[in-house]
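Comments concern the structure below.
For this chain, numbers begin at 1 and follow the sequence in order.
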Amino acid sequence: VQLQASGGGSVQPGGSLRLSCAASGRDRGTNAMGWYRQVPGKERELVALVSNSGNTKYSDSVKDRFTISRDNGKGTVNQAYLQMSGLKPEDTAVYLCSKGRWLDQYWPIYWGQGTLVTVSS
């Protein structure tokens, strides 16, 4: 399985960006896609999840500002989007998409490369 993330860039505080992640190839046992973010020296943070059935979940740090969505296809989610609004400098990070298994918690199985988001005036 290959995951291709895109859409990162630089934006001023209060601005918006939309990240995309496209999955290809046959996978096993996945039922969700998730976005993480990584800041040097800090633990990787899971920010948003979307399941095959369209259920979503957000971290408290991005709730009400970020929206995750999936492709319009039925069944296994293979395209996920992260609409980020009201961006803050603390949202600056490398954002990574993943594909994995979401039961009571999310277990990433496949990873894409990161895309850098910089929020600065």
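- Note that the CD atom of Glu43 and the CD atom of Gln38 stand 9.0 Å from one another [nearest 0.5 Å].
- The structure places NZ of Lys99 at 13.0 Å from CD of Gln2, a figure rounded to the nearest 0.5 Å.
- Considering all non-hydrogen atoms of both residues, Arg28 and Tyr110 come closest at N-OH, 3.5 Å.
- Interatomic distance, CG of Asn31 versus CG of Leu103, reported as 6.0 Å (0.5 Å rounding).
- In this structure, the separation between OG1 on Thr92 and CG on Leu116 is 8.0 Å, given to the nearest 0.5 Å.
- Two different hydrophobic clusters hold Phe66 and Leu46 under the rule that ILVMFWY side chains link at heavy-atom gaps under 4.5 Å.
- Atoms CZ and OG1, on Arg18 and Thr67 in that order, are 11.0 Å from each other to the nearest 0.5 Å.
- The hydrophobic clustering, which links ILVMFWY residues whose side-chain heavy atoms are closer than 4.5 Å, places Val119 and Leu96 apart.
- Taken together through direct or relayed side-chain contacts under 4.5 Å among Ile, Leu, Val, Met, Phe, Trp and Tyr, Val62 and Leu49 form parts of separate hydrophobic clusters.
- Under the 3.5 Å distance criterion, the side-chain polar atoms of Asp71 are matched with a main-chain donor or acceptor of Asn78.
- Contact record, Ser53 with Arg70: N-NH1, 4.4 Å, taken as the closest heavy-atom pair.
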List the steps, then state whether side chain to side chain contact (heavy atoms under 4.5 Å, CB included) holds for Val50 with Asn55. CA-CA 6 Å; Val50 60; Asn55 292 328; over 6 Å; no
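- Lys88 and Asp91 are not joined by a salt bridge, as no carboxylate oxygen comes within less than 4.0 angstrom of a charged side-chain nitrogen.
- Looking at every heavy atom in both residues, Ile68 comes nearest to Met33 through CD1-O, 4.1 Å.
- Residue Tyr81 is not grouped with residue Val11 when hydrophobic side chains (ILVMFWY) are merged at heavy-atom distances under 4.5 angstrom, including chains of intermediate members.
- Here the options are Tyr36, Trp35, Tyr106, Trp111, the test is side chain to side chain donor-acceptor pair (under 3.5 Å), and the partner is Ser98; only Tyr106 passes.
- Follow the hydrophobic side-chain contacts under 4.5 Å out from Val47 and you reach Ile109 in the same cluster.
- The minimum heavy-atom distance linking Val117 with Met84 is given by the pair CG2-CE, 3.8 Å.
- Side-chain contact between Trp102 and Lys57 is present, with at least one heavy-atom pair separated by less than 4.5 Å.
- Judged by distance alone, the side chains of Ser120 and Thr118 never bring a donor and an acceptor atom under 3.5 Å apart.
- Every side-chain contact (heavy atoms from CB on, under 4.5 Å) that Ser85 has, sequence neighbours left out, goes to Ser16, Gln83.
- To the nearest 0.5 angstrom, Leu19 atom CG is 8.0 Å from Ser6 atom OG.
- Residues Thr115 and Gln113 have side chains not in contact (no heavy-atom distance under 4.5 Å, counting atoms from C-beta outward).
- Considering every non-hydrogen atom in both Ala48 and Leu82, the closest pair reads CB-CD1, 3.9 Å.
- Within the structure, the disulfide (SG to SG under 2.5 Å) test picks out the following pairs touching residues 15-68 (sequence neighbours left out): Cys21-Cys97.
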